[in-house]
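Just dropping this structure here.
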Amino acid sequence: MPRPSSTSLSAANLTEPYVQPAADKEIIGLSQVTFGYSRKRLVLQDLTLSIRQGEFLTLLGPSGCGKSTILNLIAGFYKPLAGLVTHGGEPVKGPSERRGVVFQGNALFDWMTVEQNIAFGFRFQSLSKLEKQQKVKTIIQLVGLQGSERKYPYQLSGGMRQRVAVARSMVVQPEILLMDEPFAAVDVQTREGLQEELLKLHEQVSGAILFVTHSIEEAVFLSDRIVILDRNLGGIYDETLVQLPEPRYTPMNRVSDAFNQYRTDLYLKMKAIG
Ligand SMILES: Nc1ncnc2c1ncn2[C@@H]1O[C@H](COP(=O)(O)OP(=O)(O)OP(=O)(O)O)[C@@H](O)[C@H]1O
Ligand SMILES: [Mg+2]
């Protein structure tokens with residue numbers, strides 16, 4: 001279930017005071033969505049999915065089942081052939097700053113420093129230079145990139161680049177962050193660190209997260225809810241609510257009996273759909 005978020009001092013600096021929304025209020029809705037890149041081969045058929053404010057929801061499923069497609073539809077890069085995608089009850093008509101996107105390739109600008117890459121996130125906002133500087137400073141601290149502000153992407157490790165990508169998408173405090181296998185390309189230790197940081201960030205700055213991964217362990221560690229998609233159904237095969245002790249980022253949650261039980265259940269469900 002949605003975790004209550006606390007508004008930390010550092011996060012509060014990011015923008016105006018955050019008003020805690022009703023925990024079960026829908027932020028994103030997909031209602032009977034049908035989609036295919038061509039009409040001959042549908043990827044999603046009649047898919048209905050609701051993402052709640054502040055929720056951490058993960059999509060799991062075999063390659064080609066439509067995980068990235070769902071993110072692209074919510075981001076507004078594609079339109080459904082039938083059905084409706086809504087944000088806050090309003091139809092999604094195209095990309096918006098209210099929905100942040102972090103993809104695997106992370107797409108940093110090589111000719112910009114860490115600071116400049118992050119500031120690019122709010123290029124359309126009418127803020128003074130000082131306000132922008134303050135926001136960049138706050139988010140750099142939140143993602144632990146102090147000391148690297150003036151570095152260029154080629155001077156960073158893979159994990160640090162991912163942090164910059166996350167920071168850039170979060171400076172505008174999107175109401176939902178869409179993350180498509182953001183940590184797939186980094187080594188296991190770095191990945192675990194990034195997962196823990198993401199959970200802390202999620203607690204502090206609120207907003208929902210829709211996450212895609214192939215890793216069952218990653219899904220269990222991070223999520224309030226896990227949705228398994230089936231390629232043949234073109235939709236949802238199973239939903240699991242994850243309840244583990246708070247704070248969720250505690251490393252003990254990776255080795256507990258409860259964690260192992262979720263992992264086994266999900267493994268068997270994934271096996272069942274092949
Ligand atoms: N731009 C595109 N043009 C045509 N077909 C596409 C396009 N993008 C995806 N597809 C097809 O749509 C289906 C779903 O793709 P999608 O990328 O959403 O899957 P996925 O679940 O994200 O897979 P993976 O786990 O491999 O990333 C696949 O059959 C894929 O080949
Ligand atoms: Mg994908």
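Counting starts at 1 for both ligands and their atoms, in listed order. What's counted below: heavy atoms across the whole structure, side chains too, no hydrogens, waters or symmetry copies.
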Qualifying residues under side-chain contact (heavy atoms from CB on, under 4.5 Å), relative to Gln45, sequence neighbours excluded: Leu42
Contacts of Arg41 that satisfy side-chain contact (heavy atoms from CB on, under 4.5 Å) - sequence neighbours left out: Ser38, Val43
For the student: nearest non-hydrogen atoms of Pro247 and Asn253, plus distance: O-ND2, 3.7 Å
Salt bridge Glu115-Lys132, side-chain N to carboxylate O under 4.0 Å: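 Looking at Glu115 and Lys132, the cut-off is not met.
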The Mg ion (ligand 2) - number of protein N/O/S atoms closer than 2.8 Å: 1
NZ/NE/NH1/NH2 to OD/OE distance under 4.0 Å, Glu217 and Arg254: no
Option from Glu218, Gln195, Lys67 for which side-chain hydrogen bond (donor to acceptor under 3.5 Å, both in side chains) with Thr213 holds: Glu218
Candidate pair Tyr78 and Phe35, rule ring-ring contact (aromatic ring centres under 6.0 Å, His included), full reasoning: CA-CA 9 Å; Tyr78 292 103; Phe35 181 81; 5.6 Å; yes
Chi angles and distances behind the salt bridge (Lys or Arg N to Asp or Glu O under 4.0 Å) call for Arg99, Glu175: CA-CA 6 Å; Arg99 299 180 294 278; Glu175 290 155 43; over 6 Å; no
Pocket residues of ligand 1, ordered first by chain and then by residue number (heavy-atom cut-off under 4.0 Å): Tyr37, Arg41, Val43, Pro62, Ser63, Gly64, Cys65, Gly66, Lys67, Ser68, Thr69, Tyr78, Glu181, His214
Residue Glu131 excluded, over 12 heavy atoms near CD under 6.0 Å: yes
